[in-house]
Amino acid sequence: MPELPEVETIRRDLEQVLPGRTFTDVKINYNGSIKEPSAYAIKKGLPGRQVDFIDRRGKYLLFYLHDSTVMVIHLRMTGRLLLFRDMPALDKHSHVIFTFDNHACLIFHDIRKFGTIYWLPEKRLDIVKGLSALGPEPLTEEFNTNYLYRTAKKRRGQIKGMLLNQSIVAGLGNIYCDEALFLAGIRPDRNSDSISAEECAKLCRAIKEVLKKAIEKRGTTRSDYRDALGNYGLFQNHLQVYGRTGKPCLACGSMLVRKKIAGRSSHFCPQCQK
DNA sequence: AGCAGGACCTGATGGC
DNA sequence: TGCCATCAGGTCCTGC
């Protein structure tokens with residue numbers, strides 16, 4: 001569920017509150033959320049350590065601690081990180097509860113239990129395979145038309161599959177892929193090597209534009225996503241194609257369609273997207 | 001190398 | 001009301 005804009009929104013919320021705070025307690029109700037080291041090791045080891053700052057890479061959140069260790073959290077489909085001033089009422093999906101020295105609570109809440117938590121020395125972040133394999137951040141200069149074009153030419157699969165591949169560009173998921181491809185006028189099932197340099201320039205601009213606007217709107221809430229204060233995002237009100245199957249295209253009025261592409265349900269305008 | 005498909009989980013929704 | 005199938009924003013593993 002959370003893609004780059006949602007994870008970035010949560011990061012900014014946490015950054016307001018957690019730097020300088022020290023963990024006092026960790027309660028783990030579902031051990032499966034903890035990947036490395038063990039639930040026991042986190043419970044024993046984290047209390048007493050201080051948060052320096054919170055970073056993001058792709059859809060990963062990185063809590064840099066003062067002792068050069070890092071807690072890494074990936075929310076996958078339904079994960080939430082919720083901040084409270086005091087211990088709140090917990091439900092059955094509240095899998096990990098972190099308490100801080102000012103009594104603030106951070107709850108890792110995850111209905112589908114796909115989310116993952118690691119705590120590692122900064123030097124051992126390579127253990128987190130997805131994280132160390134991430135491609136460039138889409139909102140940096142490193143991600144540009146040239147890079148996109150060169151990469152697209154080298155591959156034979158569909159453009160949508162390429163954009164969802166986190167080792168090619170970090171942080172895009174199903175919603176923002178569909179939105180960016182619509183803005184760029186490219187069908188999601190086009191073979192990536194058929195896309196011209198000019199179209200790549202459009203696509204590169206579209207990706208940056210849609211992500212920036214979605215961050216401004218604090219992400220997209222369709223069902224599960226909440227920011228760290230429990231609030232909805234607002235970008236669902238600005239979606240052009242995602243979840244609008246059968247409705248008129250906002251640009252040309254044709255009926256939008258949905259088709260399974262690269263294993264994911266994909267939304268597009270058969271008229272505007274070539 | 002790179003792709004498709006299944007697995008990991010729970011809940012919501014729609015048809016009968 | 002119950003049962004079943006289908007769908008869901010992500011990633012990892014296996015096998016081709």
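Every heavy atom of this structure was used, including side-chain atoms; hydrogens, water molecules and symmetry mates were not. Quick note on labels: first sequence line is chain A, next is B, and so on, each numbered from 1. In this text the structure is predicted, and so the values were computed from the model without any measurement.
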Between dA8(C) (P) and Gln236(A) (CD): distance, integer Å
18 Å
Between dC9(B), dC7(C), dT11(C), which nucleotide has the shortest distance from any of its atoms to the side chain of His74(A)?
dT11(C)
Taking atom P in both dT11(C) and dG11(B), what distance in whole Å separates the two?
22 Å
I'd like to know if Arg112(A) reaches the base of dA8(C) with its side chain such that a donor and an acceptor end up less than 3.5 angstrom apart.
yes
Please report the shortest heavy-atom distance between Pro37(A) and Ile42(A), naming the atom on each side.
CD-CG1, 3.9 Å
Tell me, please, whether Phe235(A) has Lys213(A) positioned over its six-membered ring: NZ or CZ under 6.0 Å from the ring centre and within 45 degrees of its axis?
no
Round to the nearest Å and state the distance from Glu6(A) atom CD to dG10(C) atom C1'.
13 Å
When all nucleic acid strands are considered with a 4.0 Å heavy-atom cut-off, which category describes Tyr60(A): base, sugar-phosphate, or nothing?
sugar-phosphate
Which part of the nucleic acid does Lys260(A) contact within heavy-atom distance under 4.0 Å: base, sugar-phosphate only, or nothing?
nothing
Lys/Arg-Asp/Glu bridge criterion (N-O < 4.0 Å) met for Arg156(A), Asp193(A):
no
Between Phe114(A) and Arg156(A), which is nearer to the 5' end of DNA chain B once each is assigned its nearest nucleotide?
Arg156(A)
Is there a side-chain polar atom (N or O) of Arg258(A) under 4.0 Å from OP1 or OP2 of dA8(C)?
yes
Should Arg264(A) be listed as having a side-chain N or O under 4.0 Å from OP1 or OP2 of dG10(C)?
yes
Any chance you could measure Cys177(A), atom SG, to Leu203(A), atom CG, to the nearest 0.5 Å?
8.5 Å
Can you tell me the distance, in whole Å, between the CZ atom of Arg57(A) and the C1' atom of dT11(C)?
16 Å
In whole Å, I'd like the distance from the CG atom of Leu164(A) to the P atom of dG10(C).
7 Å
Can Arg57(A) and Asp55(A) be counted as an ion pair, charged N to O under 4.0 angstrom?
no
May I ask you to say what Gln166(A) touches in the nucleic acid, namely base, sugar-phosphate or nothing, with a heavy-atom cut-off under 4.0 Å?
sugar-phosphate
Whole angstroms only, please: what is the CZ-C1' distance between Arg155(A) and dC3(B)?
9 Å
His93(A) side chain near dT10(B) phosphate (N/O to OP1/OP2, under 4.0 Å)
no
With C1' as the reference atom in both, quote the distance from dA8(C) to dC3(B) in angstrom, rounded to an integer.
23 Å
Taking the nucleotide of DNA chain C with the closest heavy atom to each, which residue, Gly130(A) or Pro2(A), is nearer the 5' end?
Pro2(A)
Residue matched to dG6(B) through Watson-Crick or wobble contacts both under 3.5 angstrom
dC12(C)
Any heavy-atom pair between the side chains of Ile175(A) and Glu3(A) that's under 4.5 Å?
yes
Starting the side chain at C-beta, find the nucleotide from dT11(C), dC13(C), dG11(B) nearest to Ile111(A).
dG11(B)
Test side chain to side chain contact (heavy atoms under 4.5 Å, CB included), reference Gln273(A), set Ile186(A), Leu181(A), Val257(A), output is Leu181(A)
Is any side-chain nitrogen or oxygen of Lys113(A) closer than 4.0 Å to OP1 or OP2 of dC8(B)?
no
Could you tell me the Watson-Crick or G-U partner of dA12(B), where both distances fall under 3.5 Å? Say none if there is no partner.
dT6(C)
Base, sugar-phosphate, or nothing: which does Tyr176(A) touch, judged by heavy atoms less than 4.0 Å apart?
nothing
Between Asp224(A) (CG) and dT13(B) (C1'), how many Å, whole number?
14 Å
Between dG9(C) and dG2(B) - P atom distance, rounded Å
25 Å
Ile261(A) CD1 - dG5(B) P separation (whole Å):
13 Å
Need one value for Asp110(A): base, sugar-phosphate or nothing, where a base atom within 4.0 Å counts as base even if backbone is also close, heavy atoms only.
nothing
How long is the line joining CG of Asp189(A) and P of dA4(B), in whole Å?
12 Å
Report yes if at least one side-chain N or O of Lys129(A) is closer than 4.0 Å to OP1 or OP2 of dT11(C); otherwise report no.
no
Could you tell me whether Gly263(A) contacts a base, only the sugar-phosphate backbone, or nothing, with contacts defined as non-hydrogen atoms closer than 4.0 Å?
nothing
If you compare every side-chain N and O of Lys92(A) against the phosphate oxygens of dG11(B) (OP1, OP2), does one of them come in below 4.0 Å?
yes
Is the phosphate of dA8(C), meaning OP1 or OP2, less than 4.0 Å from a side-chain N or O of Ser265(A)?
yes
